[in-house]
Q: 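For reference, the structure I am asking about is given below.
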Amino acid sequence: MRRTIDWDDGAIVIIDQCALPGAYRTLRLHTVTELVDAIRRLAVRGAPALGAAGALGVAMAAAKPDADEDAVRAEATRVADARPTAVNLSWGVERALAKLPAGPGAVLAEALAVLDEDEDVNRRASGHAAELVRAHAPDRPVRLLTHCNAGRLATVSWGTALGVVWHLQAEGGVEYVLADETRPLLQGARLTAWELAEAGVPYRVLPDSAAATALARGLVDCVVVGADRIAANGDTANKIGTYPVALAAARHRVPFFVVAPKSTVDNTIPDGGAIVIEERDAEEVTRFAGQSTAPEGAAVFNPAFDVTPVDLITAVVTEDGVFRGTLRNPR
Ligand code: MRU
């Protein structure tokens, strides 16, 4: 299977996530400006994939024949600033930038190492989480709910929350996945459903507003989601709409698992209050499929992420195992 983001002969190649599910196509990005635009448009998105994009962006800047150190650092800052919430983006940039004194070849080698490690760490993180999920329904296939897209499209390959699904599916352990559509950009309906269909996993797409009802009706054994930034205390930023799912899961005593590589953990901030939340264009809310869905000039509140407090999280799971969370057994 093709990687979501890769390096090919001086270009960054991405699966164009703006085109899915209607068309599966790749884009070749030749400049940092094209990369920054692709990140802002969410043609490449998802925290671990953004980490890879950050590292490759620095490699691309360093590979320019006339690039001096100041110029590469300026380009690196442009990439790191393209989106503020997922800490993986600046993590990837910093990792590649640290090799700059050793020359462009060393920078590219480090960026490619970020890509190579991605599948391994996410397989391990999701493997640990799969064990926790299995313990909640030991005798039958599980019924999961997820929000946004934390699959292979959000990483270089494999995925985090959907990685749990792939592990469990391999042993016949998934009855179905409920995929929140994830307003306003529909990463759940467009991308998660596409990945589940490709993998032959039974699924249903539901409006975000139906998630609490699914939990109340006992249709969900566990919630699994990814993360964009995890504070030192375990508070977790993820796609807008995650926090209400966590509230409803706690109310109905359904375990809520966050699955992410350690590169998503930001130990420089004590709690979620310090996480910068990206606010996006009003048009994402006031227009749909080329039509207006609100009066002309309507004021809009469009945060792209929310913060789920750690006391609502059963476990935050990384490649090293359980990182934080209440770990109480809600049921
Ligand atoms: O705005 P997006 O699509 O980049 O947001 C992505 C998410 O919120 C994902 O859930 C998160 O990055 C985890 S991906 C493994």
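Counting begins at 1 with the first residue of the sequence. Everything numeric here is computed off the predicted structure, so don't read it as measured data. Keep in mind that the numbers below use all heavy atoms, side chains included, and drop hydrogens, waters and symmetry copies.
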Q: Taking atom CG of Leu247 and atom CG of Leu215, what is their separation to the nearest 0.5 Å?
A: 11.0 Å
Q: When you compare the side chain of Val44 with that of Ile39, does any pair of heavy atoms fall below 4.5 Å?
A: yes
Q: Please check if the side chain of Thr146 supplies one atom and the backbone of Ala179 the other of a donor-acceptor pair under 3.5 Å.
A: no
Q: Check whether any side-chain heavy atom of Ile277 sits under 4.5 Å from a side-chain heavy atom of Val307, and report yes or no.
A: yes
Q: Can you name the closest pair of heavy atoms from Ala129 and Val164 and give their distance?
A: CB-CG2, 3.6 Å
Q: Do Val259 and Tyr203 belong together in a cluster built from hydrophobic side chains that touch within less than 4.5 Å?
A: yes
Q: Does Asp120 offer a backbone N or O that forms a donor-acceptor pair with the side chain of Glu319 under 3.5 Å?
A: no
Q: What's the shortest heavy-atom distance between Ala11 and His30, and which atoms?
A: CB-CD2, 3.9 Å
Q: For the residue pair Trp91 and Gly51, what are the closest heavy atoms and their distance?
A: CE3-CA, 4.4 Å
Q: Surrounding OH of Tyr243 (heavy atoms of other residues, nucleotides or ligands, distance under 6.0 Å), is the total greater than 12?
A: no
Q: When rounded to the nearest 0.5 angstrom, what is the spacing between OG1 in Thr4 and CZ in Arg45?
A: 9.0 Å
Q: Which donor-acceptor pairs under 3.5 Å do side chains of residues 103-116 form with protein atoms, sequence neighbours excluded?
A:
unit_1 : atom_1 : unit_2 : atom_2 : d
Glu110 : OE2    : Arg95  : NE     : 2.9
Glu110 : OE2    : Arg95  : NH2    : 3.4
Asp116 : OD1    : Arg3   : NH2    : 2.8

Q: May I ask you to check whether over 12 heavy atoms, not counting those of Arg204, lie within 6.0 Å of atom CZ?
A: no
Q: To the nearest 0.5 Å, what is the distance between OH (Tyr176) and CG (Leu145)?
A: 9.5 Å
Q: For the OH atom on Tyr24, are there more than 12 heavy atoms of other groups (residues, nucleotides or ligands in this structure) within a distance under 6.0 Å?
A: yes
Q: Do Val13 and Arg28 come within less than 4.5 Å of each other through their side chains, counting heavy atoms only?
A: yes
Q: Is any side-chain heavy atom of Val142 closer than 4.5 Å to a side-chain heavy atom of His136?
A: no
Q: Check the pair Arg183 / Ile240 against side-chain contact (heavy atoms from CB on, under 4.5 Å), numbers first and verdict last.
A: CA-CA 8 Å; Arg183 287 278 299 150; Ile240 190 74; over 6 Å; no
Q: Looking at Arg25 and Asp16, is there a salt bridge between them, counting it only when a charged N and a carboxylate O are closer than 4.0 Å?
A: yes
Q: Measuring from atom OG1 of Thr308 to atom CG of Asn238, what distance do you get when rounded to the nearest 0.5 angstrom?
A: 7.0 Å
Q: Is there a side-chain contact between Trp7 and Ile12 (heavy atoms, below 4.5 Å)?
A: yes
Q: Decide side-chain contact (heavy atoms from CB on, under 4.5 Å) for Val300 and Asp281; before the verdict, give the C-alpha distance in whole Å, the side-chain angles of both, and the deciding distance to 0.1 Å.
A: CA-CA 9 Å; Val300 165; Asp281 281 356; over 6 Å; no
Q: Counting only heavy atoms not in Arg41, do more than 12 fall under 6.0 Å of its CZ?
A: yes
Q: Decide yes or no on side-chain contact (heavy atoms from CB on, under 4.5 Å) for Ile230 and Arg324, but give the supporting numbers first.
A: CA-CA 10 Å; Ile230 303 168; Arg324 286 275 192 287; over 6 Å; no
Q: Do the side chains of Val121 and Lys262 get nearer than 4.5 Å, heavy atoms only?
A: no
Q: Keeping the roles fixed (side chain from Asp118, backbone from Val156), state whether a donor-acceptor pair exists under 3.5 Å.
A: yes
Q: If you measure from OG on Ser292 to CD on Glu283, what distance do you get to the nearest 0.5 Å?
A: 8.0 Å
Q: Can you tell me if Ser126 and Trp166 form a side-chain donor-acceptor pair at under 3.5 Å?
A: no
Q: Side chains of Asp180 and Thr182 only: does a donor on one sit below 3.5 Å from an acceptor on the other?
A: no
Q: Using the side-chain contact (heavy atoms from CB on, under 4.5 Å) rule, pick out the option among Leu153, Leu42, Leu20 that qualifies with Gln187.
A: Leu42
Q: Taking side chain as C-beta onward, heavy atoms only, is Glu198 less than 4.5 Å from Pro21?
A: no
Q: Answer yes if the side chains of Arg190 and Asn149 hold a donor-acceptor pair under 3.5 Å, and no otherwise.
A: no
Q: Is the count of non-hydrogen atoms from other residues, nucleotides or ligands lying under 6.0 Å from Arg251 atom CZ greater than 12?
A: no
Q: Can you name the nearest heavy-atom pair linking Ala315 to Val322, along with the distance?
A: CB-CG1, 4.2 Å
Q: Grab the two heavy atoms, one from Val72 and one from Ala62, that are nearest each other, plus how far apart they are.
A: CG2-CA, 3.8 Å
Q: So, taking the atom named CZ in Arg143 and the one named CG in Leu178, what distance separates them when rounded to the nearest 0.5 Å?
A: 9.0 Å
Q: Looking only at heavy atoms, which two atoms of Glu69 and Leu100 are closest? And how far apart?
A: CG-CD2, 3.6 Å
Q: Could you give me the CA-CA distance, side-chain angles and deciding distance for Thr85 and Glu278, then say whether side-chain hydrogen bond (donor to acceptor under 3.5 Å, both in side chains) is met?
A: CA-CA 6 Å; Thr85 304; Glu278 176 184 7; 4.9 Å; no
Q: May I have the step-by-step check of side-chain contact (heavy atoms from CB on, under 4.5 Å) for Leu185 and Arg280, ending in yes or no?
A: CA-CA 11 Å; Leu185 296 181; Arg280 293 186 58 88; 4.0 Å; yes
Q: Establish, from distance only, whether the side-chain atoms of Thr264 and Asn88 form a donor-acceptor pair under 3.5 Å.
A: yes
Q: Indicate, with yes or no, if Ile5 and Ile15 share a hydrophobic cluster defined by side-chain heavy-atom contacts under 4.5 Å among Ile, Leu, Val, Met, Phe, Trp and Tyr.
A: no
Q: With hydrophobic residues grouped by side-chain heavy-atom distances under 4.5 Å, do Val317 and Leu144 end up in a single group?
A: yes
Q: Using the rule that two of Ile, Leu, Val, Met, Phe, Trp, Tyr join whenever any of their side-chain heavy atoms come within less than 4.5 Å, decide whether Leu206 and Val245 are in one cluster.
A: yes
Q: Counting only N and O atoms by type, is there a donor-acceptor contact under 3.5 Å from the side chain of His147 to the main-chain atoms of Asp208?
A: no
Q: Do NZ/NE/NH1/NH2 and the carboxylate oxygens of Arg78 and Glu75 come within less than 4.0 Å?
A: yes
